[in-house]
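Here's the structure we're looking at; comments come further down.
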Amino acid sequence: MKQTVKVIKTQSDYDAAIARLSLLMSRECTPGSTEEQEQDLLSLLIDSYENIKSEAELPTPIEAILFLMDQQDLTQKDLVPYIGSLPKVSEVLSGKRPLSLRMIRNLHAGLKIPAEILIRGNVDDAIDLSVEPSYNYAKFPLQEMLERHCFPEFNGGIAKAKDYAEDLVRKFMKGIQIELASPALLRAPLHQAGAKIMDEYALLVWRICVLKKARAQKMAARYKKGAITSEWLRDLAKLSRFETGPKLAQEFLSDNGIALVIEKHFAKTYLDGAAMLDEDRPIIGLTLRHDRVDNFWFALMHELIHVDKHLSAKKLFIADNLDDKTRVSTEEDEADAGAREALVPAREWNASNAKSEKSLDSVNALANKLRIHPAIVAGRVRYEANNWRILTGLVGSKDDVLRHF
């Protein structure tokens, strides 16, 4: 009689499948025969049913905690070291407050409650509690992240955010490859001018914010290595003379497969911008820390030189504080020189009256000749003269660039 294999839905189905599998296993099935195929299929169905039933029979995290309290004669006060204050313990046990990953780690380590029970129902149920956290989540700039809506589904203030720091940050970082979000890659000297030390956690968050915004952009084309040439940079610089030049620059880069993102810097990052790779797509992030036309165009060109010459599979991220006069490296020197040449070529600069006169007329004359914004030439004059008090009317004022984005 032909045996029909069916999905196991009930205990009686399971019992019948076990009996049938036992019968088949008692026989010597011919390899490749119908009976052998039936045996393999029954094994899969039985395993699946047992896994589902086992999962359904697991207690909830709260049920497991209450059971343990009963078995070990523990009071709510005994749970304070693992969950927090007595009110928090009460809220957790009553279901008013969800377990945080920090609480879960503490309960697993301290009371030996199985991990598969504690993480059940958690958003990040793939977490391995046997592995130490990759980060010190207390060091993330949680207050700024709250203010900048990095946790859109979270309701609560900074105190609650600190309690759920790991949960919130892991969700914020979800979908970001771990190698892109590892402090290990941020080991380049993070010291800035004046002995300031860059906050690597704040820099990491800024980087992820930029990456998320870049991924939301639709690129008009794919980037081709070698597309950034001297002529290409000069064409880009000429867009500066238009009122909407910064926005036109973003579109120009998109047409060439490069994402341009504006993201305000986080405290203690002392950051003007960065160049990074997301797989094979270059991304330029600018902070507009100095929201002036000349600064925007110089920072943009600086990062583009990094994209062309310095980014690679071994160097996915380069952060820049352009105010730091102590930064010394071949890469930074090359990016500075490339940006200056792209905006105001050395031959034109050396032949112009702007270099010596530093006057309004001479600056405008050179800007008209190069077909770029006068602020760029004024910025070059101020830089070369090391005098930031001259030509202030030309370089622009606050919100000259940000308003376009």
- Message: Can you tell me how the ring of F172 sits relative to the ring of F151, calling it parallel under 30°, perpendicular over 60° and tilted otherwise?
- Response: perpendicular
- Message: On the six-membered ring of F298, is R340 placed so that its NZ or CZ lies under 6.0 angstrom from the centre and within 45° of the ring axis?
- Response: no
- Item | T269 and E200: CA distance, side-chain angles, deciding distance, side chain to side chain contact (heavy atoms under 4.5 Å, CB included) verdict | CA-CA 8 Å; T269 57; E200 68 178 32; over 6 Å; no
- Begin with the C-alpha distance, continue with both residues' side-chain angles, and end with the deciding distance and a verdict on side chain to side chain donor-acceptor pair (under 3.5 Å) for H310 and E334. CA-CA 10 Å; H310 307 137; E334 192 171 20; 2.8 Å; yes
- Message: Taking NZ in K212 as the centre, count heavy atoms belonging to other residues, nucleotides or ligands within less than 6.0 Å. Is the count above 12?
- Response: yes
- Identified side chain to side chain contact (heavy atoms under 4.5 Å, CB included) partner of R289 from the options L322, L271, N321, N295: N321
- Query: Stepwise, does the side chain to side chain donor-acceptor pair (under 3.5 Å) test hold for T75 with D78?
  - Reply: CA-CA 5 Å; T75 66; D78 294 320; 3.2 Å; yes
- Message: Using side chain to side chain contact (heavy atoms under 4.5 Å, CB included), reason through M276 and L316 one step at a time and then give a plain yes or no.
- Response: CA-CA 5 Å; M276 64 188 83; L316 300 173; over 6 Å; no
- Task: For atom NZ of K268, decide whether the heavy atoms of other residues, nucleotides or ligands shown that lie under 6.0 angstrom number more than 12.
- Result: no
- Task: Determine, step by step, whether H265 and D272 satisfy the side chain to side chain donor-acceptor pair (under 3.5 Å) criterion, reporting the C-alpha distance in whole Å, the side-chain angles of both residues, the deciding distance to 0.1 Å, and the verdict.
- Result: CA-CA 8 Å; H265 70 285; D272 289 296; over 6 Å; no
- Do other residues, nucleotides or ligands put more than 12 heavy atoms under 6.0 Å from K225 NZ? yes
- Message: If I compare all heavy atoms of F140 with all of M145, which pair ends up nearest, and what's the gap?
- Response: CB-SD, 4.3 Å
- Message: Can you tell whether the side chains of E331 and K309 come within less than 4.0 Å, N to carboxylate O?
- Response: no
- Parallel, tilted or perpendicular: rings of W232 and F252 (30°, 60°): tilted
- Note on the structure: Closest heavy-atom pair, I117 versus P59, reported as atoms and distance to 0.1 Å, is CG2-O, 3.6 Å
- Message: Salt bridge or not between R97 and D163? Use side-chain N to carboxylate O under 4.0 Å.
- Response: yes
- Message: Between N106 (side chain only) and Y82 (backbone N and O only), is there a donor and an acceptor less than 3.5 Å apart?
- Response: yes
- Under 6.0 Å from the CZ atom of R222, do we count more than 12 heavy atoms belonging to anything else shown? no
- Message: For the OH atom on Y383, are there more than 12 heavy atoms of other groups (residues, nucleotides or ligands in this structure) within a distance under 6.0 Å?
- Response: no
- Message: Under 6.0 Å from the ring centre and within 45 degrees of the ring axis: does the NZ or CZ of R148 meet both conditions for the six-membered ring of F266?
- Response: yes
- Message: Atom NZ of residue position K247 - does it have more than 12 heavy atoms of other residues, nucleotides or ligands inside 6.0 Å?
- Response: yes
- Query: Given H404 and E243, is the side chain to side chain donor-acceptor pair (under 3.5 Å) satisfied, shown in steps?
  - Reply: CA-CA 9 Å; H404 295 293; E243 171 65 21; 4.5 Å; no
- Tell me, yes or no, whether the heavy-atom count around K162 atom NZ, taken from other residues, nucleotides or ligands under 6.0 Å, exceeds 12. no
- Does a side-chain N-to-carboxylate-O contact under 4.0 Å join E384 and K355? no
- Task: Could you tell me whether E153 atom CD has more than 12 heavy atoms of other residues or ligands within 6.0 Å of it?
- Result: no
